[in-house]
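All heavy atoms count here, side chains included; hydrogens, waters and symmetry mates do not. Both counts, for ligands and for their atoms, begin at 1 and track the order of listing.
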Amino acid sequence: MGQNIVEKVLSAHLVSGSLEPGTEIGIRIDQTLTQDATGTMAYLQFESMGLDRVKADLAVSYVDHNTIQVGFENADDHAYLKSIAQRYGIVFSRPGNGICHQLNLERFGKPGATLLGSDSHTPTGGGIGMIAIGAGGIDVAVAMGGGPFYLTAPKVTLVKLSGKLRPGVSAKDVILKVLSIYGTNGNVGRVLEYGGPGVATLGVPARATITNMGAELGVTTSIFPSDEVTRKFLAAQGRAGDWKELLPDPDAAYDQVLELDLDKLEPMAACPHSPGNVKTVTELAGIRVNQVLIGSCTNSSYRDLKTVALMLRGKKIAPDVEVGVAPGSRQVVEMLAREGLLTDLVAAGVRILENACGFCIGNHMSPGTNAVSFRTSNRNFEGRSGTRSAQVYLVSPETAVAAALTGRATDPRTIGLPVEVTDPAVFDIDDSMFLFRETAGTGVPGTEIVRGPNIGEVPKGKPLPEKLNGVAAIKVGDKITTDHIMPAGARLKYRSNVPQYAHFVFESVDSEFYGRAAANRDGSLDNVIVAGLSYGQGSSREHAALCPMFLGVKAVIAKSIERIHRDNLINFGIVPFIFDRPEDYDLIGQDDRLQIDGLSLAIRNGGKATVKDLTRGVEFTVTASLSERQKTILLNGGLLSAVAAGALK
Ligand code: MIC
Ligand code: SF4
């Protein structure tokens, strides 16, 4: 039988296992990316592995998240990252160059290659035909060192596109439609492969918008074929030599097929507070909008921002709306400027923001109290904008402009149809803000590593105890995101300093958690997190496992746990237990004493354990389904400890 694209790329990179869905496989990683917020930890971990250079074909270190530089911390982190890049053979993308995913697509992405990134939106690379996966920093550190990345062999869904998007409807509406069908949970262990005749009507940036926000589905990744459109994009980026065709075999099989007619789609919006809470813009018509922000790795390409500029040309934004535009890369800014499009934005009353993550991560531009913010980014979790009471809607650039002009939720097709913008035949290319290209792969031994006072150490976990002598330190509900567990925004600057950052674990959910958890730990009790469905959605930030580990968390017991976070928990020695009967969740109360006799034995024997709730006098069973490799990691107290103990092959 023929192969689909996912099987083709995975089998060409397979180093262990077979493509039997649900089983563990190891794959070779060609390219890695890190960004500064996850990068400092990833490189501290890389350093602790004792290698003398990176071994992946290409490793790039981007600085795009913490560019705000209030205080010394961000700048110190940048200096550390730069010196590490020079020392170990990593390409360094300077602050000001742009957002990692947009840049990787423009300058490095290759059809048929694998990419592992310490950021959950790494699947953006799927738009150019890569298997591009988000992971915790330590997994990326291992891949930089030439080690395999382990994942569950996925089930593959074919999303079969037909027709062509009508004017005013764009790629964001496609992925919002998919989110409205599949939701944000229950999709773990799956990859979406796009196909069908509609694919040829979508440019590479449009495809990248779709694979980027596929992250919100909780799938492992999403991928498009590599075709003539891909070839033209790469040629326009001066990289025709990186192109290769990647199509499914005619008799390729899929686990599931979703048919989507692009002609039938209409403008959509993800409503507060979940990317899966999707409605049509028509349904929202009339809602007053206070803020419009356009940018982020989802919608900041040349095509998107030129569309925005042309829609705003000769017009003024509504008096009660503040509007900001953050381009995705320096290439995009330069091209907008050369073509006079920046002038259109400024003349319309737009605030021009830095070409970085910025507002998307809550770094700035927080909306006012109860304000409605329309954004082209990919996540609208409660509080992520920096304002707890804000109502954030996720929309296409076209819908964002319609709101900017009218001050209300407005179907962009009713304000005069936006012009269709296509990619240029040649992009402006200037790679001067990528440093150390000439020493990529080899590095410069002897480079002094710059460590400011903000650069802490990576805490190492202790071997799993024989018995869990625990307490339910917190009980949370469904869909707790990593933004709930480890806030970003104003707290981002502590990413390189675990003891400091740990003060903010669950800050927005329960501000007393830190004190309670630290007291339990210091009183020799093991902390346990009790959670509902889809625990750990969203970001790849391993701090959501690392800081709880630092606070003595030994287990999470949840109804379900999302992929990247589950891997991060294991990497930091926290057992990811799932209730055998979801209703047992109701038995436990916060602060209950929980005990598992023979915890390490249970892990060795396959992961099934009985939990005694000593406070209520009840017991129930839980399971952590683990591969042999994962068991070894957990028993040793995490990946670094397992490697140090020589326990992993
Ligand atoms: C995000 O969009 O939440 C982030 C910030 O890019 C994260 C990474 C991080 O927390 O540093 C992600 O998506 O993985
Ligand atoms: Fe940056 Fe936002 Fe994209 Fe995360 S989702 S990488 S914060 S732009």
Side-chain angles (χ1 to χ4, degrees), residues 33-42 61-68 74 77 81 93 95 98-105 116-125 132-137 139-140 172 175 208-209 211-216 218 221 275 293-301 304 324 326-329 332 353-365 375-381 383-386 392 394 481-496 501 504 536-547 562-565 567-568:
L33 75 76
T34 56
Q35 39 88 339
D36 51 303
T38 54
T40 49
M41 250 332 127
S61 170
Y62 293 92
V63 178
D64 54 0
H65 279 62
N66 287 321
T67 53
I68 210 85
N74 297 168
D77 285 358
L81 292 169
S93 174
I99 306 176
C100 55
H101 308 303
Q102 173 69 23
L103 286 167
N104 222 73
L105 194 74
L116 193 72
S118 63
D119 191 282
S120 65
H121 291 104
T122 304
T124 314
I133 303 177
D139 284 334
V140 178
K172 184 64 154 283
I175 186 61
T209 294
T211 58
N212 168 288
M213 205 172 168
E216 274 46 74
T221 190
L293 294 176
I294 300 172
S296 92
C297 56
T298 317
N299 280 120
S300 58
S301 64
D304 283 348
S329 69
V332 174
L353 308 173
E354 187 181 2
N355 46 316
C357 295
F359 72 83
C360 175
I361 186 59
N363 244 341
H364 64 162
M365 298 299 283
R375 300 179 169 212
T376 65
S377 43
N378 47 44
R379 289 187 175 142
N380 57 349
F381 305 143
R384 180 174 162 104
S385 65
V392 178
L394 306 172
T481 70
T482 49
D483 279 87
H484 290 110
I485 307 169
M486 252 0 290
R491 307 300 186 199
L492 257 185
K493 64 182 187 179
Y494 301 121
R495 282 286 176 90
S496 312
Y501 199 26
F504 308 112
Q537 280 194 349
S539 149
S540 67
R541 60 190 73 150
E542 61 191 355
H543 296 78
L546 185 48
C547 293
E562 292 297 308
R563 174 188 66 90
I564 306 181
H565 187 57
D567 288 350
N568 287 339

key: Backbone N/O of Gly137 and side chain of Glu542: donor-acceptor pair under 3.5 Å   = yes
request  = Give a yes-or-no answer on whether the side chains of Ser496 and Thr40 include a donor-acceptor pair shorter than 3.5 Å.
outcome  = yes
task = Verify the distance criterion only: is there a donor paired with an acceptor across the side chains of Arg495 and Tyr501 at less than 3.5 Å?
result = yes
request  = Enumerate the atoms of ligand 1 whose separation from the nearest heavy atom of Ser540 is less than 4.0 angstrom.
outcome  = 12 (C), 14 (O)
message = For Arg541, is there an ion pair with Asp483 - N to carboxylate O distance below 4.0 angstrom?
response = yes
remark   = Between Thr67 and Ala356, the two heavy atoms sitting closest are OG1-CB, 3.7 Å
task = Please verify whether a non-hydrogen atom of Arg384 lies at under 4.0 Å from ligand 1.
result = yes
request  = Using a 4.0 Å heavy-atom cut-off, say whether Asp119 meets ligand 2 through its side chain, its backbone, both or neither.
outcome  = side chain
message = Heavy-atom pairs closer than 4.0 Å: do any link ligand 1 to the side chain of His543, the backbone, both, or neither?
response = neither
request  = For atom 7 (C) of ligand 1, grab the closest protein heavy atom and report residue, atom and distance to one decimal in Å.
outcome  = Ser539 OG, 3.2 Å
request  = Give the single entry among Asn299, Asn378, Asn363, Ile361 that approaches atom 5 (S) of ligand 2 most closely by any heavy atom.
outcome  = Asn378
task = Check ligand 1 against Ala37 and write out every atom of the ligand that is under 4.0 Å from a heavy-atom position of the residue.
result = 11 (O)
ask   = Does the N or O separation between Ser120 and ligand 1 drop below 3.5 Å for any pair?
value = yes
ask   = Do you know which of Ser118, Ser539, Ser540 makes side-chain contact (heavy atoms from CB on, under 4.5 Å) with Ile564?
value = Ser540
query = Mind checking whether Leu394 and Asn380 have side chains closer than 4.5 Å, heavy atoms only?
reply = yes
query = Would you say ligand 1 has an N or O under 3.5 Å from any N or O of Asp119?
reply = yes
message = Taking 4.0 Å as the limit for heavy-atom contacts, which would you say applies to His101 with ligand 2: side chain only, backbone only, both, or neither?
response = side chain
Atom 4 (Fe) of ligand 2 - nearest protein heavy atom and its distance = His65 NE2, 3.8 Å
remark   = the protein heavy atom lying closest to atom 11 (O) of ligand 1 turns out to be Arg495 NH1, 2.7 Å
ask   = Considering only the protein, which heavy-atom contact is closest to atom 10 (O) of ligand 1, and what is its distance?
value = Arg541 NE, 2.7 Å
key: Proximal atoms of ligand 1 relative to His65 (non-hydrogen, under 4.0 Å)   = 4 (C), 5 (C), 6 (O)
inquiry  = Under 2.8 Å from atom 1 (Fe) of ligand 2 - does any N, O or S atom of Cys357 fall there?
reply    = yes
task = Could you find the nearest protein heavy atom to atom 8 (C) of ligand 1 and give me its residue, atom name and distance?
result = Gln35 NE2, 3.2 Å
inquiry  = Go through it in stages, so that I can follow the logic: the residues are Arg379 and Ser120, the test is side-chain hydrogen bond (donor to acceptor under 3.5 Å, both in side chains), and I'd like the CA-CA distance, side-chain angles, deciding distance and then a yes or no.
reply    = CA-CA 11 Å; Arg379 289 187 175 142; Ser120 65; 2.7 Å; yes
Close-contact set for ligand 1 against Thr38 heavy atoms, below 4.0 Å = 9 (C), 11 (O)
query = Between Asn378 and Thr298, is any side-chain donor less than 3.5 angstrom from a side-chain acceptor?
reply = yes
task = Using a strict cut-off of 4.0 Å, indicate which atoms of ligand 2 neighbour a heavy atom of His121.
result = 5 (S)
inquiry  = With rounding to the nearest 0.5 angstrom, report the NE2 to CG distance, His65 to Asn74.
reply    = 12.0 Å
ask   = Tell me: protein heavy atom nearest atom 2 (Fe) of ligand 2, and distance?
value = Cys360 SG, 2.3 Å
query = Is atom 3 (Fe) of ligand 2 less than 2.8 Å from at least one N/O/S atom of Cys297?
reply = yes
inquiry  = Let's go through Ser296 and Ser377 carefully: what are the C-alpha distance in whole Å and the side-chain angles of both, what is the deciding distance for side-chain hydrogen bond (donor to acceptor under 3.5 Å, both in side chains) to 0.1 Å, and is it a yes or a no?
reply    = CA-CA 5 Å; Ser296 92; Ser377 43; 4.9 Å; no
message = Quiz question: by atom type and distance under 3.5 Å, do the side chains of Asn212 and His101 form a donor-acceptor pair?
response = no
